[in-house]
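Contents: one structure, followed by commentary.
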Amino acid sequence: MKIAIGSDHGGITLKETVKEHLEKKGYEVRDFGTYTRESCDYPDISEKVALSIADKSQDLGILICGTGIGIGIAANKIRGIRAALCHDTFSAHATREHNDANILTMGERVIGPSLALDIVDTFLTTKFEGGRHQTRIDKITSLEEKYIEVEEEK
Ligand code: RB5
């Protein structure tokens, strides 16, 4: 499975921990930055990771900032992205089964690394249930089609 990962400066320490953990487990991890502790703007990282999921070059994404909130709000502006903020394993499990979430977001300033790794493992190993949940995902997609304008290609 190919995993896209990214963080701002507020999430870089946890990003490094998650990346090492996933590589040890044999996942193919693509790191979209940030690569230094210098202050940066989380939407720039959200965009890179989200586009790699939307165009299917990566399977699932993980985004980390101080709270996990801003980086997820930005990712959810991209069509086809369902980024879910999870700070417990129940939510990580439920959001894969019910929402077919394709990006996990977490806050480095909110939870510790051991819990974060359990959440990551749960998110990556839980399958979407489909069925009645697919109907709801289809409705989310309809909302994107109805309200998000696509710029004409030049
Ligand atoms: C950066 O200071 C901080 O605002 C960011 O990491 C994140 O928490 C935003 O939601």
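Here the side chains of T141 and E145 are in contact, with some heavy-atom distance below 4.5 Å.
In terms of heavy-atom proximity, F32 sits nearest to S52 at CZ-CB, 3.6 Å. Closest approach of F123 to T95, counting heavy atoms only: CE1-CG2, 3.9 Å. The two residues T13 and E108 come nearest to each other via the heavy atoms N-OE1, 3.1 Å. Heavy atoms only, all atoms of each residue included: V49 and G61 are closest at CG1-CA, 4.3 Å. Nearest approach of V18 to M106, heavy atoms of both residues: CG2-CE, 4.3 Å.
Applying the side-chain hydrogen bond (donor to acceptor under 3.5 Å, both in side chains) criterion to T34, with sequence neighbours excluded, gives no partner residue. In this structure, the side-chain hydrogen bond (donor to acceptor under 3.5 Å, both in side chains) partners of E20, at least two apart in sequence or on a different chain, are K24. Looking at residues two or more places apart in sequence or on another chain, you find no side-chain contact (heavy atoms from CB on, under 4.5 Å) involving S142. Remark: H98 pairs with H133 by the ring pair (Phe, Tyr, Trp, His ring centres under 6.0 Å) rule, at least two apart or across chains. Partners of E144 according to the side-chain hydrogen bond (donor to acceptor under 3.5 Å, both in side chains) rule, which considers only residues two or more places apart in sequence or in another chain, do not exist here. By the side-chain hydrogen bond (donor to acceptor under 3.5 Å, both in side chains) test, R132 pairs with no residue at all, sequence neighbours left out. Partners of R82 under the salt bridge (Lys or Arg N to Asp or Glu O under 4.0 Å) rule, at least two apart in sequence or in another chain, are D100.
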Exercise answer: donor-acceptor pairs, residues 112-122 side-chain atoms, under 3.5 Å, sequence neighbours excluded:
| residue | atom | partner | partner atom | Å |
| --- | --- | --- | --- | --- |
| D121 | OD1 | H21 | NE2 | 2.8 |
| D121 | OD2 | H21 | NE2 | 3.3 |
| T122 | OG1 | D118 | O | 2.8 |

Throw together a table of side-chain donor-acceptor distances under 3.5 angstrom for residues 63-76, partners on residues two or more places apart or in other chains.
| residue | atom | partner | partner atom | Å |
| --- | --- | --- | --- | --- |
| T67 | OG1 | I69 | N | 3.0 |
| N76 | OD1 | A83 | N | 2.8 |
| N76 | ND2 | G72 | O | 3.2 |
| N76 | ND2 | A83 | O | 3.1 |

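R79 places a side-chain N or O within 3.5 Å of a backbone atom of I148 that can act as its donor or acceptor partner. No donor-acceptor distance shorter than 3.5 angstrom exists from the side chain of R30 to the backbone of I3, with no hydrogens or angles considered.
Counting only residues at least two apart or on different chains, the salt bridge (Lys or Arg N to Asp or Glu O under 4.0 Å) pairs with a member in residues 1-18 are K15-D31. Residue pairs meeting the salt bridge (Lys or Arg N to Asp or Glu O under 4.0 Å) criterion with at least one partner in residues 33-60, sequence neighbours excluded, do not occur; the list is empty.
When hydrophobic clusters are built by joining Ile, Leu, Val, Met, Phe, Trp and Tyr residues whose side-chain heavy atoms come closer than 4.5 Å, directly or via intermediates, L104 is not grouped with I45. At a threshold of 4.5 Å between side-chain heavy atoms, the hydrophobic network of Ile, Leu, Val, Met, Phe, Trp and Tyr places L51 and V29 in two separate groups. Criterion: ILVMFWY side-chain heavy atoms under 4.5 Å apart, direct or through other members. Under it, I12 and V110 are not part of a common hydrophobic cluster.
H9 contributes atom NE2, which lies 4.0 Å from atom OG of S39 (distance to the nearest 0.5 angstrom). For the atom pair CD (E28) and CE (M1), the distance works out to 12.0 Å, reported to the nearest 0.5 Å. From L22, atom CG reaches atom CD1 of I5 across 6.0 Å, with rounding to the nearest 0.5 Å. Considering CD1 of I103 and OG of S46, their distance stands at 7.5 Å, rounded to 0.5 Å.
Residue I137 belongs to a hydrophobic cluster whose other members are F128, I140, with links defined by side-chain heavy atoms closer than 4.5 Å.
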